[in-house]
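Below is one structure, written out as structure tokens, with a few remarks after it.
Letters go in sequence order (proteins before strands), and every chain restarts at 1.
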Protein chains: 2
Amino acid sequence: MPTRYKGSPEEIRALNCYIKLTRASETLAAALRAPLAREGLTTGQLGVLEALLHLGPMNERELGRKLLRSGGNITVVVDNLERRGLVGRERSREDRRCVTVALTPEGLRFIRGVFPGHAARITAVLSALSPEEQRELGRLCRKLGRGAEAEDVLPHRAMASG
Amino acid sequence: MPTRYKGSPEEIRALNCYIKLTRASETLAAALRAPLAREGLTTGQLGVLEALLHLGPMNERELGRKLLRSGGNITVVVDNLERRGLVGRERSREDRRCVTVALTPEGLRFIRGVFPGHAARITAVLSALSPEEQRELGRLCRKLGRGAEAEDVLPHRAMASG
DNA sequence: TTCGTATACTTTGAATTCATATTATTTCAA
DNA sequence: TTGAAATAATATGAATTCAAAGTATACGAA
């Protein structure tokens, strides 16, 4: 389903690539959402638990940077995980503005039980691509992502040329 | 920032590819969100307006399928666009369950003014990749997306192997 | 014809998400 | 030492998003 926009060949190419990237990412996210919901987890909650499992305790600012989410969002997601007793907050003693978030023993047991299935589902979906294709897809995404980060200024330039 | 999960090489490869895909898509989405917000549009609203512009009037079910969104979500987004006078609803006469959504003259003028800038920003970000790389990225994403769609059943298999 | 099922949309309730404002704390310069 | 600016977290308000339940309409089989 290519774009019907009447633009230059360069624009058509970019729009088609953008659409496919977005749709692949959203389709994959949707396929992972349902099984997680059965465990009572949202995608954002899983992200927080996984970060704490694999990287150790950290404060909300660090969580936001790792997960590409706003600080306000992290506060809410951590609130909901704390309400379930899966994570705990502790005010840092060196810098009393910071709050360290860590898995509780219960949260550790829980995420250890859940993550392998999640990883297996990702692996199963990704197996539609050969190992070589997976590496190439990763390389192109990383290159593209770095470009997009760098171009916070970009809107202005783009508007100027439009 | 590769995953720290201790799994098989196959799992590590899949997880790293998945992370890069997701981050690229989210970084790109974030880069496009801010300029749209300045026009008073959310990403979902732009999606509806663009679909109506390039594909013509259609009902909510069709919009949901094109945009990969739930019916309930389409209802809300169309509500908000209707409140601004950018789209109109009309009950279909052949099948009175359906509601056809169409751009108003005002909505047509508006999206025609906004879309070129949006397309230009996408093109600018995508220019981090060569034309050949863009085509390859598109191919890999389409292949992956098709696989993910097909595997609605997948969670069960993945769980069984976990 | 009529009843059960399927479909299109809407509503509801909960969680996410962001931007912005506020509060508490730290840091740094005068 | 004191006060201004920066930073971390939280609170607030609006929109998105989904799943599930509810309503109206269409369609097909008995």
Side-chain angles (χ1 to χ4, degrees), chain A residues 22 25-27 29-49 57-84 86-101 152, chain B residues 22 25-27 29-49 57-84 86-101 152:
Chain A
T22 300
S25 176
E26 290 183 353
T27 302
L32 295 171
R33 182 162 38 234
L36 284 178
R38 267 174 244 134
E39 314 270 7
L41 279 185
T42 64
T43 306
Q45 291 173 350
L46 177 94
V48 169
L49 295 180
M58 67 184 86
N59 62 41
E60 298 191 14
R61 179 188 123 273
E62 293 169 314
L63 276 171
R65 243 181 346 102
K66 301 268 183 225
L67 304 175
L68 304 181
R69 293 291 175 273
S70 69
N73 179 29
I74 298 294
T75 295
V76 173
V77 173
V78 170
D79 281 349
N80 288 328
L81 290 172
E82 193 177 30
R83 203 151 19 89
R84 274 177 71 183
L86 298 178
V87 306
R89 280 178 161 109
E90 189 175 8
R91 183 68 60 177
S92 164
R93 221 166 296 164
E94 312 102 52
D95 186 339
R96 298 189 44 72
R97 291 171 303 180
C98 301
V99 171
T100 303
V101 183
D152 270 356
Chain B
T22 300
S25 176
E26 290 183 352
T27 302
L32 295 171
R33 181 162 38 234
L36 284 178
R38 264 174 247 133
E39 314 271 6
L41 279 184
T42 64
T43 306
Q45 290 173 351
L46 177 93
V48 169
L49 295 179
M58 67 185 86
N59 62 41
E60 297 191 15
R61 180 187 121 275
E62 293 170 313
L63 277 171
R65 240 178 352 100
K66 302 265 182 227
L67 304 175
L68 303 181
R69 291 291 176 272
S70 71
N73 179 29
I74 298 295
T75 295
V76 173
V77 174
V78 170
D79 280 350
N80 288 329
L81 290 172
E82 193 177 30
R83 202 151 18 90
R84 273 177 72 183
L86 299 178
V87 306
R89 279 178 162 110
E90 190 176 7
R91 183 68 60 176
S92 164
R93 222 166 294 165
E94 312 102 53
D95 186 340
R96 299 188 43 72
R97 292 171 302 179
C98 300
V99 171
T100 302
V101 183
D152 271 355

Hey, what are the protein-to-nucleotides 15-20 of chain C N/O distances that come in under 3.5 Å?
from, atom 1, to, atom 2, distance (Å)
dT16(C), OP1, Thr42(A), OG1, 2.8
dT16(C), OP1, Gln45(A), NE2, 3.2
dT16(C), OP2, Asn80(A), ND2, 2.5
dT17(C), OP1, Arg69(A), NE, 3.4
dT17(C), OP2, Asn73(A), ND2, 3.1
dT17(C), O5', Asn73(A), ND2, 3.4
dC18(C), OP2, Ser70(A), N, 2.9
dC18(C), OP2, Ser70(A), OG, 2.9

**OP:** To the nearest 0.5 Å, tell me how far Leu67(A) CG sits from Thr43(A) OG1.
**Re:** 11.5 Å
Original post:
Thinking salt bridges, do Glu60(A) and Arg97(A) make one under a 4.0 Å N-O criterion?
Top reply: no
Original post:
Can you tell me how far P of dA24(C) sits from CZ of Arg91(A), to the nearest Å?
Top reply: 11 Å
Subject >> Pairing of Asp79(A) and Arg89(A) as salt bridge, 4.0 angstrom limit >> reply: yes
Original post:
dT10(D) P sits how many Å from Leu63(A) CG, rounded?
Top reply: 11 Å
Subject >> OP1 or OP2 of dT10(D) under 4.0 Å from side-chain N/O of Thr75(A) >> reply: yes
Original post:
Which whole-number value in Å describes the distance from Asp79(B) CG to dT17(D) C1'?
Top reply: 14 Å
**OP:** Report yes if the side chains of Thr42(A) and Leu36(A) come closer than 4.5 Å at any heavy-atom pair, otherwise no.
**Re:** no
**OP:** Take atom CZ of Arg96(A) as the centre, draw a 6.0 Å sphere, and report whether it contains more than 12 heavy atoms from other residues, nucleotides or ligands.
**Re:** no
**OP:** Tell me whether the OP1 or OP2 atom of dT10(C) has a side-chain N or O from Arg89(B) closer than 4.0 Å.
**Re:** yes
Original post:
If you look at every strand shown and take non-hydrogen atoms under 4.0 Å, does Glu26(A) touch a base, only sugar-phosphate, or nothing?
Top reply: nothing
**OP:** For Arg84(A) and dA14(C), give me the distance from atom CZ to atom C1', rounded to whole Å.
**Re:** 14 Å
**OP:** Considering non-hydrogen atoms only, spot the tightest contact between Leu68(A) and Glu26(B) and give its length.
**Re:** CD1-OE1, 3.9 Å
Original post:
Are Val101(A) and Asn59(A) side-chain neighbours, meaning at least one heavy-atom pair lies under 4.5 Å?
Top reply: no
Subject >> Rounded interatomic separation in angstrom, taking CG from Leu41(A) and C1' from dA14(C) >> reply: 15 Å
Would you tabulate the pairs of protein nitrogen or oxygen atoms and nucleotide nitrogen or oxygen atoms of nucleotides 2-8 of chain D closer than 3.5 angstrom?
from, atom 1, to, atom 2, distance (Å)
dT7(D), O4', Arg97(A), NH1, 3.3
dT7(D), O2, Arg97(A), NH1, 3.0
dA8(D), OP1, Arg61(A), NE, 3.0

**OP:** Indicate the atoms forming the closest heavy-atom contact of Thr22(A) with Ser25(B), along with that distance.
**Re:** CA-OG, 4.3 Å
Subject >> From Leu41(A) atom CG to Leu32(A) atom CG, the distance as rounded to the nearest 0.5 Å >> reply: 12.5 Å
